[in-house]
Amino acid sequence: MRENSGNVWSPLQRNLGFGHGSGQFGHFREVIWRPFMKLSARSYGLYALFLLLLVGAFVCTRMLDYPTIFAGSASSAEKLSTSKSQIYPQKTQTIPLNCNAINHTGTCPRDYPTTPKNDPDNRPSPGTCPDYFRWIHEDLRPWAHTGITRDAIERAKKTANFRLVIVNGKAYVETFEKSFQTRDVFTLWGILQLLRRYPGKLPDLEMMFDCVDWPVIKSTDYNGPDSPVPPPLFRYCGNDDSLDLVFPDWSFWGWIETNIKPWEALSKDLKEGNKRLNWMEREPYAYWKGNPIVAETRQDLLKCNVSENQDWNARLYAQDWGREVQEGYKKSNLASQCIHRYKIYIEGSAWSVSEKYILACDSVTLIVTPHYYDFFTRGLMPMQHYWPVKEDDKCKSIKFSVNWGNNHKKKAIAIGKAASDFIQEELKMDYVYDYMFHLLNQYSKLLKFKPTIPQKATELCSETMACQAEGLQKKFMMDSLVTSPAETSPCTLPPPYDPPSLNAVLRRKENSMRKVELWEKNYWDNHSKQ
Ligand SMILES: *[C@@H]1O[C@H](CO)[C@@H](O)[C@H](O)[C@H]1NC(C)=O
Ligand SMILES: *[C@@H]1O[C@H](CO)[C@@H](O)[C@H](O)[C@H]1NC(C)=O
Ligand SMILES: *[C@@H]1O[C@H](CO)[C@@H](O)[C@H](O)[C@H]1NC(C)=O
C-alpha cells in the first residue's frame, strides 16, 4: 500500500503549489515580464514606478537581515552599499535563514550563493579523509563499469521514501511515502546543510532514498552474467549480502522522538561527560540500556543480567521510552551514561544509532557480533577500538571480556580511549559532511544521464523546512543550521583499496576476532577444570 502523504514539512509550499520546475527564469517571465507586455503606454510609467518600489522594498527587507551578518566587521557599512559579491565576501560570508521570502511568496530565497565568487579550490584542504572513506569506492563498485542509468534508478523506487534531485545547487524532492518518525525530514535537512556548507560544489544528481532499517538490494539477484544492473538505493545501513549505499543517518541532525540532540552539540556533551569519572573510578561491569523488544538477540542479552545466583559482570536495563517521555528524559541523558568501565553495543532490528554514543565513552565497548554496518563502522578494528563479544554465547563472552579488562587495565583503557578518539576526531561533523560530499560526488560521476527537475518534485531549501517548524524540531534545525560555507575544501578522498590491501584489512580484523575467541575458550576451559 503506498499512500501519497505529500510534503509534510512544508504545508505552505504544498498549498501554493510552487516549485514545479518553472525555474528561476520561468518565474521571472510569469511574474514580471508578462504584465509588462500587456501594458498600454500610459500605465507603462505606473508599472515602472511599481517595480521600482518593489525593488526598493525588497532591498530594505534584505538589509534588515544584514546587521547580524556583519556584526564585528568594521567595514560593513561600505560593503552594504556596493555590489553583491561584496555583500558575500569570502571570509565573513554568511547564509542567514531568510524566512521573509518563504513567508511572503512561498518560494525559496533566490540569493543563495550557489557558485562562490572566490575560487573554492583555493581554500585550504584539511588533508586526507579518514580511512573509512575508502569504502565509498567499494560501495559504488557494482556500477563502476556499467554506470547508473535512469532505468536503474527507477527500479530503486519500489521501496524508496523519496527521490532527491540536485540541479544547479538546488534541491528538489519527490516524496513517495512518509518515513517512520522524522527520519526523512532530518535526512533531507542534512543534505540541505551540506549544500549550504559547500555552495556550488555539489554536482547535479538524482538519488532514491529508503529510510527503513534493513537493506533490500540483495547481491545474489545481481551477480549472474545476465543480471540487470542493480538499482542504486541509499539508506542508513548495509550488510555483506546487499548492495544498498550507506549514508549518514538522521540522528546527526537530531532525533526529536527520543530527545537526542544534533551530533555537533551532543558529541561535545559526551566529551565533557567522559571527564566526570576516569576509567579506574567507573563501575567494573558491562552496562547496557536499550529497547529489548525490537530484537530477539536483545532479549537473549537480558538473560545475562545480574541476579541473586549469577553474576555475568553485566548490568542491563530496559529503556521504557513511554516513561522517559513523561519524566522528561531524565534517565536517558547520554552524557551521564559513561559511568561503567564497559558498555555493550548490540544491534536492534538492524544497525543502531546508539553505536556512536556508546563508543564515545572512554569505556571499553563490547560489541556483540554485528550483522550490519553503517558508513563509519567499517573503520573500527576489534581489540583496537572495541572488544568483540560472541553472539551465540553472550553471557560467558561478557564475563570473560570484563575479567580480561579488569586484569589488563592499561590495555583496556587504551581501547576505550581509541574508540572515543575515533568518534571525536574521525566522526566529527566536518567529516560527516565530507563523507556525504564524496559519496554523492563519486555517485554523480556514474550517472549516464543529465539530471533534470522532475515534474512532481518540489524545491526544498532550509527555509521551507525550518521557518514553519515548531518545538523541538525547530530547535534542532536551528541548532544544526549551517550558517556559512566551509572555510576549507572537503578533505581529500583516499584512493580505493587494491585487492591485497583490502584483504589485509579484512584478515587483520578476522585474526583479532580469532585471537579473542581463543583466549575466551582457554579461559572457560581452565575455569571448568577448577
Ligand atoms: C514566518 O512564519 C513563521 C510561522 O508562521 C513565523 O514564526 C516567523 O516569525 C515568520 N518569519 C518572518 C521573517 O516573517
Ligand atoms: C537487571 O538487574 C538489575 C539489578 O538487579 C535491575 O535493577 C534491572 O532492572 C534488571 N534489568 C532488567 C532488564 O530486568
Ligand atoms: C588457561 O590454559 C591455557 C592452556 O592450558 C594457558 O595457556 C593459559 O595461560 C591459562 N590461563 C588463562 C587465564 O587463560
Side-chain angles (χ1 to χ4, degrees), residues 7-16 18 54 57-69 94-112 185 189 192 282-324 327 330-332 336-337 339-348 352 354 358 366 368 389 394-395 398-399 402 459-479 481 483:
N7 190 342
V8 294
W9 50 82
S10 176
L12 180 69
Q13 192 182 41
R14 186 177 54 213
N15 292 344
L16 294 179
F18 274 95
L54 204 70
F58 177 70
V59 170
C60 282
T61 52
R62 301 295 301 122
M63 281 175 70
L64 286 180
D65 288 340
Y66 287 136
T68 50
I69 306 176
T94 303
I95 322 171
L97 194 73
N98 175 7
C99 290
N100 274 323
I102 196 80
N103 281 13
H104 295 132
T105 65
T107 51
C108 291
R110 287 285 157 226
D111 53 2
Y112 273 149
V185 174
W189 176 257
L192 291 176
R282 296 182 187 189
E283 300 274 338
Y285 303 108
Y287 169 90
W288 181 79
K289 182 172 186 175
N291 181 358
I293 297 163
V294 295
E296 231 170 83
T297 184
R298 287 187 169 186
Q299 286 159 40
D300 186 48
L301 173 70
L302 289 187
K303 292 178 193 155
C304 311
N305 199 13
V306 62
S307 68
E308 275 174 27
N309 340 318
Q310 206 32 295
D311 192 351
W312 297 108
N313 293 339
R315 303 292 181 265
L316 312 172
Y317 302 88
Q319 178 86 276
D320 180 349
W321 281 119
R323 194 194 294 158
E324 295 283 342
E327 294 176 2
K330 281 196 197 75
K331 292 185 188 134
S332 51
S336 57
Q337 289 184 13
I339 57 168
H340 291 81
R341 288 184 186 174
Y342 310 89
K343 292 193 69 172
I344 298 168
Y345 170 75
I346 182 164
E347 289 177 336
S352 165
S354 64
I358 294 173
L366 309 183
V368 179
V389 160
K394 297 182 184 73
C395 301
I398 289 168
K399 176 139 186 153
V402 171
E459 187 182 342
L460 200 63
C461 55
S462 298
E463 283 78 3
T464 55
M465 300 189 82
C467 292
Q468 306 279 318
E470 289 173 350
L472 202 54
Q473 180 160 332
K474 173 105 178 183
K475 183 179 180 341
F476 284 177
M477 284 180 170
M478 295 319 292
D479 289 350
L481 180 73
T483 53

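In listed order, ligands and their atoms are each counted from 1.
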Trainee: Report each N/O pair between ligand 1 and the protein that falls under 3.5 Å, naming both atoms.
Mentor:
from: ligand 1; atom 1: 2 (O); to: Asn103; atom 2: OD1; distance (Å): 3.1
from: ligand 1; atom 1: 2 (O); to: Asn103; atom 2: ND2; distance (Å): 2.3
from: ligand 1; atom 1: 11 (N); to: Asn103; atom 2: ND2; distance (Å): 2.9
from: ligand 1; atom 1: 14 (O); to: Asn103; atom 2: ND2; distance (Å): 2.9

Trainee: Can you sort out which atoms of ligand 2 are near Leu316, meaning under 4.0 Å from one of its heavy atoms?
Mentor: 1 (C), 8 (C), 10 (C), 11 (N), 12 (C), 13 (C)

Trainee: With sequence neighbours left out, what residues match Trp288 under side-chain hydrogen bond (donor to acceptor under 3.5 Å, both in side chains)?
Mentor: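 Counting only residues at least two positions away or on another chain, Trp288 forms no side-chain hydrogen bond (donor to acceptor under 3.5 Å, both in side chains).
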
Trainee: Within a distance under 4.0 Å of any heavy atom of Asn305, pick out the atoms of ligand 2 and give their elements.
Mentor: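 Going through ligand 2 atom by atom, the ones under 4.0 Å from Asn305 are 1 (C), 2 (O), 3 (C), 8 (C), 10 (C), 11 (N), 12 (C), 14 (O).
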
Trainee: Just wondering, do Val402 and Pro284 contact through their side chains at under 4.5 Å, heavy atoms?
Mentor: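 Result no, sub-4.5 Å side-chain heavy-atom pair not found.
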
Trainee: Using the side-chain hydrogen bond (donor to acceptor under 3.5 Å, both in side chains) criterion, which residues pair with Asn291? Sequence neighbours excluded.
Mentor: none

Trainee: Just jot down the side-chain hydrogen bond (donor to acceptor under 3.5 Å, both in side chains) partners of Lys474, sequence neighbours excluded, or say none.
Mentor: none

Trainee: Could you go through the salt bridge (charged side-chain N to carboxylate O under 4.0 Å, His left out) check for Arg110 and Glu459 one step at a time?
Mentor: CA-CA 12 Å; Arg110 287 285 157 226; Glu459 187 182 342; 3.0 Å; yes

Trainee: With rounding to the nearest 0.5 angstrom, report the CE to OG distance, Met477 to Ser462.
Mentor: 8.5 Å

Trainee: Evaluate the ring planes of Tyr287 and Tyr317, with Trp represented by its six-membered ring, and classify them as parallel (under 30°), tilted (30 to 60°) or perpendicular (over 60°).
Mentor: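 Answer is tilted, since the angle falls between 30° and 60°.
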
